[in-house]
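One structure is given below, encoded as structure tokens.
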Number of protein chains: 2
Amino acid sequence: MSVPVTIRDVARLAGVSPSTVSRAISLPEMVNATTRARVAAAVEQLGYEPNRAARGLITGRTGTIGLVVPDLANPFFASLTKAIQARARRHDVAVFVADTDEDPGAEAGLVRALSKQVDGIVLCSPRASDDDLAAFAADTTVVLVNRAAAGIPGVTYDNEDGMRQAVAHLVALGHRRIAWVGGPASSWSTQHRGLGLRNATEELHAVLVPVGNFAPTYEGGMAAADQVIATGATAVVAYNDLVAIGLLARLHSRGISVPGELSVVGVDDIAMSGMAHPALTTIRLPKQEAGWIAVELLLALLDNPDSQQGASGTRSELHGELIVRASTGPVPVPDRQP
Amino acid sequence: MSVPVTIRDVARLAGVSPSTVSRAISLPEMVNATTRARVAAAVEQLGYEPNRAARGLITGRTGTIGLVVPDLANPFFASLTKAIQARARRHDVAVFVADTDEDPGAEAGLVRALSKQVDGIVLCSPRASDDDLAAFAADTTVVLVNRAAAGIPGVTYDNEDGMRQAVAHLVALGHRRIAWVGGPASSWSTQHRGLGLRNATEELHAVLVPVGNFAPTYEGGMAAADQVIATGATAVVAYNDLVAIGLLARLHSRGISVPGELSVVGVDDIAMSGMAHPALTTIRLPKQEAGWIAVELLLALLDNPDSQQGASGTRSELHGELIVRASTGPVPVPDRQP
DNA sequence: TTGAAAGCGCTAACAA
DNA sequence: TTGTTAGCGCTTTCAA
């Protein structure tokens, strides 16, 4: 709309050549303090802003990163997105957001399309196979969140540890039979949470009863509830908070008291969980930190591509923290009367 | 990472000039079917993808739009964002997302920064003044969501009508004294919902008791609850569902029964509302449609800049729909015993 | 420390 | 219908 002001306009006003203006902006040390000041004044006066497309054309960098998430409507990913875009902006980097709508098939296409327009991509909780991920990483710089894959840097949560905390809590309350409502089978988190639960229950002499894979949503939890009840477990760990809250809703309508008859544990600690009835015991995953780290990691990689080869040091593991709320309580006393 | 393939590579392989390749892609009708096929084959074989920065440099279009929202963690905006990016992708347009974190001061800076990098901006629920908005619109093509401003196209909800539905519902249940918990004072929605409530209560012979302005969040609702109780109202309309759910939580801990002693109505119908206890009666605002319309409007404006001048026709108004759930019920019978 | 010149990948006049 | 030419706004050699 307004008049586009170019580097030549600035150069003319400052009485220098365009290349000097360019240097004054990108490599200030390489330019005389006096001229630098003159250029700065001209930039100020004209409100000059370098054209990123033109710069990108020559530097090969767009100043943009891509973000691919399974579902923005899931508060966990909304928080992550918020953190990522905030951190990126600090570095004057813009963020393209793409939502796969939990469709694994859409992932590859989106990554492919994005990769042409960005310097690198943050891929959150991808459902793609390791081979596909490797192909993505060959195409562009990729940082994974919530997923580990050989040779690709990323930030993950220590799911095993989180599940151990959950099981320890439940066992301390007297529970010995614990149901597990998994998320999508292709989800790395599902696999590792399942594994962590298996190990922890074994160590602590409890019995784990997996009830299958469900959509990582409120509806998924509703769908799982009746099977959970049928297991006869006195406690259940859900794939995430959304599923746990769905569980809560269905249990309520089935007349099952929580935690009176069944204790429920989620994972994520989305804001909603504190508001649920009863409030949800959960494993709080640091979402902001994950987003921040992912951005820093990606930008570092872009500035120093070699480091990607440096086998290690490019994966961060964050720890979850058990948040005990009203949805877990002592194991119900078995009825002694026949 | 992979070898960048340019239009010249394609041209060489197809045995034509770069401009023919360019035309075959952008203006297919202008090129012979045979050569077009040859070019297509070469593009396919090489996996050519036009460099958007280069194209943008000359066309002046980036193929990108900006989206500015107050808070991605608010499910209402998450839904909107989801809809907008999905619709934009259909048009092969990428979306930059920026979150102001409910900081009105950040708005101008973000819009300013974005406007250099995008073809146009979708501004959701801006808190800026009309003058600031006009300044933004002078700088770049802007479409407003959830806000009306003279001369700037946009999509809004008919807040007056929504509030009328809410009041009619409450009055039918016997309520005559209705509290109103407003959102940020600078919010257009707050103003128009307040206005709608004032009109509707007047028409229907009820009394409206505004209790002030609060943050549009769960915490805002918690903060407002005690003042709502103090009004002696038998029903309350909250700025949005998040506030209503915060209200619900505080009322619960104060031992006030909903809807036994107080009926609660929200606005938005975020997913969480159906899951609340009691489930929240609310005005459902069509979020997807708003996002879709905003994108279509913006892209239409970009394709035909003149239409922006065409005073009218560039504002859409959507209607909300009352969703009755458990949080509203008959007015409590006044205690007859002294 | 600065300027001149070349060119990033693409599109748009203009010729042919 | 196609090719040639110029140039979008910027950075970056290379010379001065």
Side-chain angles (χ1 to χ4, degrees), chain A residues 1-43 46-64 92 94 115-119 302-303, chain B residues 2-43 46-64 92 115-119 302-303:
Chain A
M1 306 299 234
S2 56
V3 206
V5 28
T6 79
I7 202 170
R8 312 183 61 121
D9 299 322
V10 178
R12 204 171 308 128
L13 181 60
V16 296
S17 78
S19 20
T20 300
V21 175
S22 173
R23 270 187 293 253
I25 292 172
S26 322
L27 301 330
E29 308 77 24
M30 283 191 56
V31 85
N32 185 320
T34 328
T35 35
R36 204 193 310 154
R38 221 141 31 98
V39 170
V43 165
L46 263 30
Y48 170 71
E49 195 86 43
N51 179 322
R52 297 202 178 213
R55 174 182 287 174
L57 198 51
I58 182 153
T59 61
R61 293 270 302 255
T62 60
T64 297
D92 203 26
S115 68
K116 307 293 178 184
Q117 312 186 49
V118 301
D119 296 332
L302 292 172
D303 282 340
Chain B
S2 56
V3 206
V5 27
T6 79
I7 203 170
R8 312 182 61 121
D9 299 322
V10 178
R12 204 170 307 127
L13 180 60
V16 297
S17 80
S19 26
T20 301
V21 175
S22 173
R23 270 187 293 252
I25 291 172
S26 322
L27 301 329
E29 310 77 24
M30 284 192 56
V31 86
N32 185 318
T34 328
T35 35
R36 202 193 311 154
R38 224 146 23 104
V39 170
V43 165
L46 264 30
Y48 170 73
E49 195 85 44
N51 178 322
R52 297 203 178 211
R55 175 182 286 173
L57 198 50
I58 182 153
T59 61
R61 293 271 301 256
T62 60
T64 297
D92 203 26
S115 68
K116 308 292 179 185
Q117 312 184 49
V118 302
D119 297 331
L302 292 172
D303 282 341

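So you know, we letter chains A, B, ... as the sequences are listed, proteins then strands, and number each from 1.
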R38(A) atom CZ is separated from dT1(C) atom C1', nearest whole Å, by 12 Å
Think T20(A) has a side-chain N or O under 4.0 angstrom from the OP1 or OP2 of dG3(C)? yes
Atom CG of D9(B) to atom P of dC8(C): distance rounded to whole Å? 12 Å
Just verifying a value: how many Å separate M30(A) CE and R23(A) CZ, rounded to the nearest 0.5 Å? 5.5 Å
Between dC10(C) atom C1' and R8(B) atom CZ, what is the distance in whole Å? 11 Å
So, S17(B) versus T20(B): side-chain donor-acceptor pair below 3.5 Å or not? yes
Specify the separation, in whole Å, of atom CG of L27(A) and atom P of dC10(D). 16 Å
Toward the 5' end of DNA chain C, which comes first, V31(A) or Y48(B), by nearest nucleotide? V31(A)
I need the CZ-P distance between R61(A) and dG9(D), as an integer number of Å. 23 Å
To the nearest 0.5 Å, what is the distance between OG1 on T62(A) and NZ on K116(A)? 13.5 Å
So, does T35(B) get its side chain near the phosphate of dT1(D), meaning an N or O under 4.0 Å from OP1 or OP2? no
Here the distance between atom P of dT11(D) and atom CG of L57(A), to the nearest Å, is 11 Å
Base, sugar-phosphate alone, or nothing: which one does R23(A) contact when heavy atoms must sit under 4.0 Å apart? base
Of the listed nucleotides (dT2(D), dG9(D), dT11(D)), which one gets closest to any side-chain atom of M30(B)? dT2(D)
Distance, nearest 0.5 Å, that separates CD1 of I7(A) from CG of L46(A): 12.0 Å
Please report the distance, rounded to the nearest Å, between CZ in R52(A) and P in dC10(D). 12 Å
Reckon S19(A) has a side-chain N or O less than 4.0 Å from the OP1 or OP2 of dT2(C)? no
Once you round it to whole Å, what is the distance between C1' of dT2(D) and CD1 of I7(B)? 14 Å
If you round to the nearest 0.5 Å, how far is OG1 of T64(A) from CD of Q117(B)? 6.0 Å
For DNA chain D, whose closest nucleotide is more 5', that of T59(A) or that of G15(B)? G15(B)
N51(A) has a side chain; which of dG7(D), dG3(D), dG9(D) sits nearest to it? dG9(D)
Assign each of I58(B) and V16(A) to its nearest nucleotide of DNA chain C by heavy atoms, then name whichever residue's nucleotide is nearer the 5' end. V16(A)
Please tell me which of A54(B) and I25(A) maps to the more 5' nucleotide of DNA chain D, matching each residue to the nucleotide holding its nearest heavy atom. A54(B)
Is the shortest side-chain N/O distance from T6(A) to OP1 or OP2 of dG9(D) below 4.0 Å? no
